[in-house]
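One structure below.
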Amino acid sequence: MDIIWRSLRSNRATSADRAILSLFDDPARFDDFSIRADGMLLDYSKTSIDRDARQWLVKLARAAGVESRREAMFGGEKINTSENRAVLHTALRNKSGAVRLEGRDVMPDIRATLARMARFANALRNGEIKAADGGPITEVISIGIGGSDLGPAMGVKALGAYHDGPKIRFVSNIDGAHFTEASKRVDPARTLVIVASKTFTTVETLTNAETAKSWLGARAKSQMVAISSALEKTEAFGIPADRVFGFADWVGGRYSMWGPIGLPVMLAVGPDRFHEFLDGGYAMDRHFRHAPLMENMPVMLALTGIWHRNICDYPTRAVLPYDQRLSRLPAYLQQLDMESNGKSVMVDGSPATQPTGPVVWGQAGTNGQHAFYQLLHQGTNVIPCEFMIAAEGSEPTLAHHHDLLKANCLAQSEALMRGRVSRQMLPYREFPGNRPSITLAYKKLTPFALGQIIALYEHRVFVEGVIWGINSFDQWGVELGKEMATALVPLVRGADASDKDGSTQGLLKALDAG
Ligand code: F6P
């Protein structure tokens, strides 16, 4: 591997001053540095990666064992070593054949759960499932946090053009304001509450769930549903077994929207559309497993990430969907990417030998243009941008808006690359240019395309993690803060804090409302 890293660095050293724009002297640059898969296009031609660098990057992926690790993941091996678990979220969207885990096919259970979800969703959507008073259920409040919230909340918003089910609100924050705002002017008599928590121990979710239970009152018994892999805990909470949708511990929280955690999406758009979403994920899985590395979209997306993070030393990357309905995608990808790859030790416990996961951030275009693009164009840090845009908008009567959206998206990647010399020689009007970006283009934001996008980014994170030699599927880094929060509750309520550091003591005093 060392020689590969060295070759990549030497390519960078000799080409750092070369303008990205000059790479387009080669008329084949766009075709050669873009990948198509099932109606989706990834253009990475506006980066500084040239043919030589790409060859070394692909060698790096191969030398790191991406292909064998990929098959280990799809094959149900326990690649999440620190938790001794397989990583099989891909089975949730698998549409052909068996998926074996320790010799047993997991597909019959997955299909049975999907069928149960569909029966429930259809019955709720067509009014067969009634509220405690015999009236209709027209509202849903979904309670969960992290992977039990970000996926369904992002998905419901993304598929807004297909939303023909009940209104769905999401509550995640332990701040009582979240539940208060979500339940404002909502009639508990007409509301189903979903409690989504893989572990059913998460303090935010359980606190909000208890609040929702009191809000529903006697209706709670028939108007609450749980989604969890801890069935004894959902029962202890008081949710009857026929209202619980379970899933296995080999589905990581941030990879879980393909199964029961995706129930709010299914309620919103119906089971058929939800299956189209799964189909999109499955199509990306097949592409990832079978396309040669250089024509493989998740692999090349990962390798542009490696190039920017490890060779160019860019510490962050911006995700910029030019698609208002994907406005929750950056937050979703923050968890997917940063919780997966924000690690400093490798699988064997030794310190990471390369910088790992970058800071991931962003928001929908064009809004971001009027907020932080100043820094993207003229700031002192170079930030690789990841644009997303549909060929066709979802608002047929407002097609002229979509033309403007497309023009803005393309203008930004072009401006970042080209820059501009000020004719008046005014330094503050100079744009340095040569700033890299990639663009993901899809026909339309359908459920299928959403499935492709999410699976694409999941596999990107996986490939980067394999190259860095880290475990992308655990999240021990969230533990310490959780434990300390639990220990601090009595201190917030007035218990002795004398063994705390000066700052914590001072803040406890300042925040003492008593
Ligand atoms: O923040 C840590 C975390 O464990 C995430 O990985 C997870 O998605 C989230 O909390 C919620 O966990 P649960 O679904 O068990 O409530």
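Bear in mind the structure is a predicted one, so any value in this text is a computation, not a measurement. First listed ligand is number 1; within each ligand, the first listed atom is number 1.
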- Message: Once you restrict to heavy atoms under 4.0 Å, what part of Lys482 touches ligand 1? Side chain, backbone, both or neither.
- Response: side chain
- Query: Any ion pair linking Glu102 and Lys78 (charged N to carboxylate O, less than 4.0 Å)?
  - Reply: yes
- Item | Glu386 and Tyr457 side chains, donor-acceptor separation under 3.5 Å | yes
- Message: I want to check something: taking the side chain as every heavy atom from C-beta on, are Asn94 and Tyr282 in contact at a cut-off of under 4.5 Å?
- Response: yes
- Message: Judged on heavy-atom distance to atom 5 (C) of ligand 1, which of Glu339, Gln475, Glu479 sits nearest?
- Response: Glu339
- Protein residue, atom and distance nearest to atom 8 (O) of ligand 1, heavy-atom basis: Gly147 N, 2.7 Å
- Query: Pick from Lys343, Arg254, Gln335: which one makes a side chain to side chain donor-acceptor pair (under 3.5 Å) with Gln475?
  - Reply: Arg254
- Query: Quick one: CG on Asp285 to CZ on Arg93, what's the gap to the nearest 0.5 Å?
  - Reply: 4.0 Å
- Got the closest protein heavy atom to atom 15 (O) of ligand 1, with its distance? Thr199 OG1, 2.6 Å
- Nearest non-hydrogen protein atom, atom 14 (O) of ligand 1: Ser148 OG, 2.6 Å
- With atoms numbered from 1 as shown, which atoms in ligand 1 lie under 4.0 angstrom from a non-hydrogen atom of Gln335? 5 (C), 6 (O), 7 (C), 8 (O)
- Item | Protein contact of atom 12 (O) of ligand 1 - nearest heavy atom, named by residue and atom, plus distance | Thr202 OG1, 3.5 Å
- Item | Side-chain donor-acceptor contact under 3.5 Å, Tyr255 with Ser340 | yes
- Task: Please confirm whether Glu204 comes under 4.0 Å of ligand 1, counting heavy atoms of the residue only.
- Result: no
- In the protein, which heavy atom is nearest to atom 11 (C) of ligand 1, and how far is it? Ile145 O, 3.2 Å
- Task: Hey, could you give me the CD/CG distance between Glu483 and Leu488, rounded to the nearest 0.5 Å?
- Result: 12.0 Å
